Amino acid sequence: MDSYSNTYDVIVVGAGHAGCEAALAAARMGHHTLVITVNVDHIGEMSCNPAVGGLAKGHLVREIDALGGEMAKNIDATGIQFRRLNTKKGPAVQSSRAQADKEQYRLRMKGVLEQQENLDVKQAMIDALIVEDGTVKGVITSIEERFFGKTVILTTGTFLKGLIHIGLRSFPAGRMGDPASNKLSDHLRALGLRIGRLKTGTTPRLDGCTIDFSRLTPQHGDDPPIPFSFETESISQEQVPCYITYTNTRTHELIKAGLDRSPLFAGVIKGTGARYCPSIEDKVVRFRDKPRHQVFLEPMGLGTTEIYPNGVSTSLPADVQLKMLRSIEGLEQVEIVRPGYAIEYDYVDPVQVKPNLECKTIQGLFLAGQINGTSGYEEAAGQGLMAGINAVRHVRGDSPIILGRDQAYIGVMIDDLVTKGTREPYRMFTSRAEYRLLLREDNADLRLREVGHEMGLVSGAVYQQFKHKREAIETILTLLSDVRLNPKAEVNHALEGFGLGSINQPVTLKDLLKRPETEFKDIAQLDNRLSSFDREAAEQATILVKYDGYIRRQTQQVERVTYLEGTKIPEGIAYQAIPGLSNEVKEKLSNIRPISLGQASRISGITPAAVTIIQIYLKKWEQDARP
């Protein structure tokens, strides 16, 4: 058995969206890192939709960028259509989304990894971990190479015992064209980890030359496109439209006729699918009264004619897929380049993972991405970034970085996973965040840039730019509060001339900006100093003014639970010894082992009374522990 003599600080298994962020974070923090993937040509591969962001997912991408990750920069450099979503709603639920040139996205991310200092890239299949005395020591490949590491991060995506289904035919694969990882899953189970089974799917890819776009409704992106990254000044590459069409009653009849050969309805698929992203056959069955379903035809790149028909994810037989598609307007002559399919894969029950993403039973082993039960590039990337950071912190002997639910969507996601677990692919929604008005896309840098800089992931120059922005916002807010207008004739004349109406009592510029119909550019006409600030600072100040009452209310809510979050629970506490707790509560607490009273309070079935009992017990514990 071949062994490499050098020991890495961090070994990352997998180079999807989680693996890329994990490896880059560890290497950029100055630690010798190895990333191992089954195919180096598929680093950063978009296995499903060639897009980044979306509702709530855009928040994750901006947070990754604020912390010093790569995803936002990569989509800014390769995006071919950018759109802001929910712009008619409040800022808390507005999100960004961008179509990617799939090939360019992959190639750029591969280049970033290859050029990163402290980072080695190797191609291999990992079959087992090297574990001694409950601590991970490295990995073993399928050809029995040994790589030693102080920490290991598993980002296996859909590869653990991956099984693809097209109709009633199935075959092992991690995704179409790549082999499944079968031995590693069995090895993790042998190490004592609870393994579950999930299912996801993807759409057929279409030949754009066989689509009649003239009969379809184009959907253009924003002009000008707004970048994801706080560091990107503008988008320079060519932008292209998507197109909208719909299924119809004929489409639905063809789908129903093929259900007897559907692996989903024939009982072949055992894994649990995502309820919020159902296949087209699932939608037709579940929503029988709906006469049509929307289909977005999304280009997969500037250098290809392939089209991704978002909305028709399917595992129906290939012949049914073709008939179904050809019943849709504009697709009457369409040809399928690659069939759609469902894929089942193993995952690890995430309640076995600590909030720093380290496995509870194997020291130094971190899990990130779909192995934790999530679905989506953005969810994976956010976990990968935090796993990379905390693997380095583990090597250094430093305390982990754990983002709070009031600090980041990444924090909400990880807390949900490790506290509640999941039995279906977990997807991020704005509704999952109880403090979502504080966790907006626009203020991700104000929330997290400081953390990224402290971790060494945000350069000094970028941090200085951020500080200038933060100071500009403070200056704007001060000006708005300090400049006061009196109800004089000449003042009202000027206000009416600017379309701001008149006043009958003294007001500040802040008071005027609070009016729902008033915009920052209107107020800037009243004081020339306000015209000198850039769009981002002005936008941020405007939100803080207009939503001041709501923001203060949520801030007060955060302050009320700060005590619970700050009250840590010792790792070795014996819940069975706490009097007054039911056996069910003791079992749940012993299984999840929360790190704080706040986390304990969010465990399903843990009542406020139980939290109070633990709190009283902890005070006694502390008193008894004192000399």
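Treat the numbers as computed from the prediction; the structure is a model and nothing was measured.
- Atom-to-atom distance recorded for I126:CD1 and L129:CG is 8.5 Å, nearest 0.5 angstrom.
- The number of heavy atoms from other shown groups lying within 6.0 Å of NZ (K183) does not exceed 12.
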Open item on the list: Show, in sequence, the C-alpha distance, side-chain angles and deciding distance for F147 and T7, and conclude whether the side-chain contact (heavy atoms from CB on, under 4.5 Å) test is met.
Closed with: CA-CA 7 Å; F147 294 93; T7 298; over 6 Å; no
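- In summary, E145 and K122 do not engage in a salt bridge, as defined by a charged side-chain N under 4.0 Å from a carboxylate O.
- The CG atom of L193 sits 9.5 Å away from atom CG of D349, with the distance rounded to the nearest 0.5 Å.
- Residues satisfying the side chain to side chain contact (heavy atoms under 4.5 Å, CB included) test with P179, not counting sequence neighbours, are M125.
- The closest side-chain heavy-atom distance from V12 to T33 is below 4.5 Å.
- Of the possible polar contacts, one joining the Q81 side chain to the V240 backbone as a donor-acceptor pair under 3.5 Å is found.
- Using a 4.5 Å heavy-atom threshold, the side chains of L24 and L385 count as separate.
- Figure legend: cation-pi geometry between R436 and F429 absent, as NZ or CZ is not positioned both under 6.0 Å from the six-membered ring centre and within 45° of its axis.
- Atom OG in S47 sits 6.5 Å away from atom NE2 in H17 (nearest 0.5 Å).
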- request: Evaluate the side-chain contact (heavy atoms from CB on, under 4.5 Å) criterion for residues R194 and V351: first the C-alpha distance (whole Å), next the side-chain angles of each, then the deciding distance (0.1 Å), finally the verdict.
  value: CA-CA 10 Å; R194 292 189 303 277; V351 298; 3.2 Å; yes
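- Defined by atom type and a distance below 3.5 Å, a donor-acceptor pair is missing between the side-chain atoms of N86 and Q94.
- With E378 contributing its side chain and G53 its backbone, the two residues share a donor-acceptor pair below 3.5 Å.
- At a cut-off of 3.5 Å, with distance as the only test, no side-chain donor of E424 or T272 sits close to an acceptor on the other residue.
- Salt-bridge annotation for K110 and E114: present, with a side-chain N of the basic residue lying under 4.0 Å from a carboxylate O of the acidic one.
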Exercise for review: Could you go through the side-chain hydrogen bond (donor to acceptor under 3.5 Å, both in side chains) check for Q465 and R449 one step at a time?
Suggested key: CA-CA 11 Å; Q465 290 179 347; R449 204 51 127 181; over 6 Å; no
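- For Q104, the side chain to side chain contact (heavy atoms under 4.5 Å, CB included) partners are T78, D101, L107, not counting sequence neighbours.
- In this structure, E63 pairs ionically with R447, as a charged nitrogen and a carboxylate oxygen lie closer than 4.0 Å.
- Side-chain contact between I410 and L60 is present, with heavy atoms from C-beta onward closer than 4.5 Å.
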task: Apply side-chain contact (heavy atoms from CB on, under 4.5 Å) to the pair V121 and I43, showing each step before the final yes or no.
output: CA-CA 10 Å; V121 179; I43 290 173; 3.9 Å; yes
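- Separating the CZ atom in F228 from the CD1 atom in I235 is a distance of 9.5 Å, to the nearest 0.5 Å.
- Ionic pairing of E45 and K102 is present here: one or more N-O contacts between side-chain nitrogen and carboxylate oxygen are shorter than 4.0 angstrom.
- For E231, the side-chain hydrogen bond (donor to acceptor under 3.5 Å, both in side chains) partners at least two apart in sequence or on another chain are K73.
- Using a 4.0 Å cut-off between a side-chain N of Lys or Arg and a carboxylate O of Asp or Glu, R62 and D442 do not qualify as a salt bridge.
- Put simply, the side chain of N443 never gets that close to the backbone of L446: no donor and acceptor are under 3.5 Å apart.
- Judged by distance alone, the side chain of R205 and the main-chain N or O of I307 form no donor-acceptor pair under 3.5 Å.
- A side chain to side chain contact (heavy atoms under 4.5 Å, CB included) with R440 is found for exactly one of I543, V93, T430, namely I543.
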query: Does the salt bridge (Lys or Arg N to Asp or Glu O under 4.0 Å) test come out yes or no for K161 and D346, once each step is laid out?
result: CA-CA 6 Å; K161 288 203 170 179; D346 285 353; 5.1 Å; no
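- Annotation: side chain of I11 is not in contact with side chain of I153 (no heavy-atom distance under 4.5 Å).
- Ion pairing between R84 and D222 fails under the 4.0 Å rule for side-chain N and carboxylate O.
- Side-chain contact annotation: H187 with D127, donor-acceptor N/O pair under 3.5 Å absent.
- Judged by distance alone, with hydrogens and angles left aside, the side-chain atoms of D76 form a donor-acceptor pair with the main-chain N or O of S229 at under 3.5 Å.
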For I414 and L403: C-alpha separation, side-chain torsions, deciding distance, then whether side-chain contact (heavy atoms from CB on, under 4.5 Å) applies. CA-CA 9 Å; I414 293 175; L403 300 178; over 6 Å; no
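- A parallel orientation is assigned to the rings of Y463 and H453, their planes being inclined by less than 30° (bins at 30° and 60°).
- Put simply, the side chain of L417 reaches to within 4.5 Å of the side chain of T374, judged on heavy atoms.
- Between the CG atom in L163 and the OG1 atom in T158 there is a gap of 11.0 Å [rounded to 0.5 Å].
- Looking only at distances, a side-chain donor or acceptor of K360 sits under 3.5 Å from a matching main-chain atom of I592.
- Of all heavy-atom pairs spanning G192 and Q352, the tightest one is O-OE1, 4.1 Å.
- By the side chain to side chain contact (heavy atoms under 4.5 Å, CB included) test, A538 pairs with F520, sequence neighbours left out.
- A side-chain donor-acceptor contact under 3.5 Å links H31 and R396.
- Q383 and N372 are linked by a side-chain donor-acceptor pair at a separation below 3.5 angstrom, with hydrogens and angles left out of the test.
- Salt bridge annotation for E441-K57: absent, with no cationic side-chain nitrogen under 4.0 angstrom from a carboxylate oxygen.
- Residues satisfying the ring pair (Phe, Tyr, Trp, His ring centres under 6.0 Å) test with Y8, not counting sequence neighbours, are H32.
- Every residue two or more places apart in sequence or in another chain was checked for a side-chain hydrogen bond (donor to acceptor under 3.5 Å, both in side chains) with E474, and none qualifies.
- At distances below 3.5 Å, not a single donor-acceptor pair connects side-chain atoms of E70 with backbone N or O atoms of C20.
- For the residue pair N49 / Y308, no side-chain donor-acceptor distance below 3.5 Å is found, with atom types taken as modelled.
- Side-chain N or O atoms of Q99 include none that pairs as donor or acceptor with a backbone N or O of A51 at under 3.5 Å.
- Here E379 does not pair with R427 in a salt bridge; the nearest charged N to carboxylate O distance is not below 4.0 Å.
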| Evaluation steps, side-chain hydrogen bond (donor to acceptor under 3.5 Å, both in side chains), between H42 and D178 | CA-CA 9 Å; H42 291 168; D178 281 327; 2.7 Å; yes
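- A salt bridge does not link D41 with R106: every distance from a Lys NZ or Arg NE/NH1/NH2 to an Asp or Glu carboxylate oxygen is 4.0 Å or more.
- The backbone N or O of G404 sits less than 3.5 Å from a side-chain atom of Q407, completing a donor-acceptor pair.
- Contact between V412 and A433 at its shortest, heavy atoms only, is CG2-CB, 4.1 Å.
- The residues R470 and E450 are annotated as salt-bridged, a charged nitrogen and a carboxylate oxygen being separated by less than 4.0 angstrom.
- Under 3.5 Å, the side chains of Q123 and T37 contain no donor-acceptor pair of N or O atoms.
- Checked by atom type and distance alone, the side chain of T155 pairs as donor or acceptor with a backbone atom of V13 at under 3.5 Å.
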